[in-house]
Protein chains: 2
Amino acid sequence: MNRTKTSPTTPTVKEQLLDHAQRFLMTRGYNGFSYRDLAEQVGVKTSSIHYYFPAKEDLVLEAIKAYDALIKEGLAGIDEALPAAQKLALYARGFGRIAADGHRICLCGMLAADIETLPETVRVAVQRFFAYHEGWLARVLVQGVTEGSLTVTSSPDATARALFAGFQGSVMASRLFQAPTRLEEVVASVCGVA
Amino acid sequence: MNRTKTSPTTPTVKEQLLDHAQRFLMTRGYNGFSYRDLAEQVGVKTSSIHYYFPAKEDLVLEAIKAYDALIKEGLAGIDEALPAAQKLALYARGFGRIAADGHRICLCGMLAADIETLPETVRVAVQRFFAYHEGWLARVLVQGVTEGSLTVTSSPDATARALFAGFQGSVMASRLFQAPTRLEEVVASVCGVA
DNA sequence: GTCTATAAGAGGATAGAC
DNA sequence: GTCTATCCTCTTATAGAC
């Protein structure tokens with residue numbers, strides 16, 4: 001069963017593994033699932049997983065890459081011409097979709113919690129993810145201040161960090177209480193916007 | 001070696017176990033440490049740990065209780081007569097002390113990340129912790145609005161949730177980047193206060 | 001590519017001696 | 001209270017057959 005990457009056909013084993021790995025990472029964290037769990041989901045043996053991902057570190061690194069690509073796709077769908085407030089609303093909506101099933105949080109938020117048990121390569125990848133999103137949000141805040149559509153009480157960089165931290169903490173709390181996400185609250189509280 | 005609980009003497013084995021358990025939970029999470037790790041730290045065998053904490057669930061539950069008591073002690077040290085802005089500053093400072101060693105995050109924030117792998121009893125305990133702090137913050141926000149010392153753009157409850165989420169996310173990010181905590185940024189961004 | 005077999009150790013937990 | 005001994009399962013990982 002070899003197939004490098006045809007497109008609109010059934011997913012390859014590697015793709016399935018990566019999909020389930022992402023879900024496990026978002027729900028249970030790095031130390032909360034095993035190759036065995038993964039193997040059961042896909043219907044292969046654990047040794048087959050090692051064929052694609054020799055070590056768990058490789059698996060996580062590829063999972064981050066796939067997750068990052070998916071999220072960037074969402075960001076790319078936000079029209080550059082939109083007012084800043086609307087961009088933030090769409091960002092929050094997108095962030096909420098991650099946790100829509102009530103059991104997931106942001107993959108990189110979870111890895112940030114697990115970070116002390118993970119190899120340095122993972123730390124770097126997660127740092128990159130955080131920095132990218134904080135940068136994206138900071139640019140939107142600058143736009144909003146320029147437009148006069150957003151009210152910000154600190155520097156754009158500091159506010160962006162607070163905003164992203166608020167999003168991460170908020171999805172964790174929502175899942176903890178098994179309640180719908182309230183990302184709009186975060187936007188409203190940080191940027192003074194309905 | 002039996003000692004129920006004399007006061008200013010060396011800590012009992014149970015106290016040492018609880019101390020190290022708290023630290024492990026804050027750094028590595030529930031699935032990131034074992035009875036073996038704990039035993040090595042205290043210099044006992046794993047079977048001795050089971051004497052005090054029959055199952056890992058018991059250990060975590062008691063660790064939460066001890067942690068909660070410690071944090072409440074800190075809150076009690078905040079003078080009720082203070083202006084709201086100063087209370088928030090002190091709260092943020094206290095929250096930052098948790099992560100002062102650069103490797104810890106809030107014990108209950110960590111457990112919120114691990115929550116899908118934990119027994120229901122733990123979820124309830126962590127929910128209680130979150131709700132208590134959100135409530136405490138909401139009361140301070142109400143005070144601040146009444147005084148006119150704080151600027152809030154949503155309801156006190158919503159703002160308190162956003163604030164607490166921001167704190168949780170912020171300490172995670174600080175540790176991720178191995179940078180000093182920036183909890184004041186969160187306060188400033190959410191409450192428009194220096 | 002996927003499997004069987006296996007290693008070598010870590011995981012939580014218990015029984016019973018001291 | 002603490003230990004030794006033990007259980008049984010899970011964990012990551014490798015070697016080699018098909």
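In what follows, chains carry the letters A, B, and so on, assigned in the order in which the sequence lines appear, proteins first and then strands, with residues in each chain numbered from 1. Just so you know, these numbers use all the heavy atoms, side chains as well, and skip hydrogens, waters and symmetry mates.
Taking both residues in full, the closest heavy atoms of A84(A) and V140(A) are given as CB-O, 3.4 Å, listed atom of the first, atom of the second, then distance.
Atom OH of Y51(A) is separated from atom P of dA15(D) by 16 Å (rounded to the nearest Å). Following rounding to the nearest Å, K14(A) (NZ) and dT2(C) (P) show an atom-to-atom distance of 12 Å. In this structure, CG of N31(B) is placed 15 Å from P of dC10(D), rounded to the nearest angstrom. Protein atom CZ of F53(A) is 14 Å distant from nucleotide atom P of dT12(D), rounded to whole Å. Distance, H50(A) NE2 to dA7(C) P: 17 Å, rounded to whole Å.
Judged by distance alone, the side chain of R175(B) and the main-chain N or O of T27(B) form a donor-acceptor pair under 3.5 Å. The closest donor-acceptor contact from the side chain of Y52(B) to the backbone of E15(B) lies at 3.5 Å or more, if one exists at all. In this structure a side-chain-to-backbone donor-acceptor pair under 3.5 Å is present from Y35(A) to A55(A). Side-chain atoms of T153(A) come within 3.5 Å of backbone atoms of A188(B) as a donor-acceptor pair (strictly under, hydrogens ignored).
The stretch residues 42-49 of chain A comes close to DNA chain C through V44(A), K45(A), S47(A), S48(A), each having a heavy atom under 4.0 Å from the strand. For the segment residues 32-39 of chain B, residues with any heavy atom less than 4.0 angstrom from an atom of DNA chain C are, sorted by number, F33(B), S34(B), Y35(B), R36(B).
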When you look at T121(B) and E57(B), which way does the side chain to side chain donor-acceptor pair (under 3.5 Å) test go after all the steps?
CA-CA 8 Å; T121(B) 50; E57(B) 177 179 355; 2.5 Å; yes

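Using cut-offs of 30° and 60° for the angle between ring planes, the F33(B) and Y30(B) rings count as perpendicular. In this structure, F129(B) and Y67(B) have tilted ring planes: the angle between them lies in the 30° to 60° band.
Closest to the side chain of Y52(B), out of dA13(D), dG1(D), dT2(C), is dG1(D).
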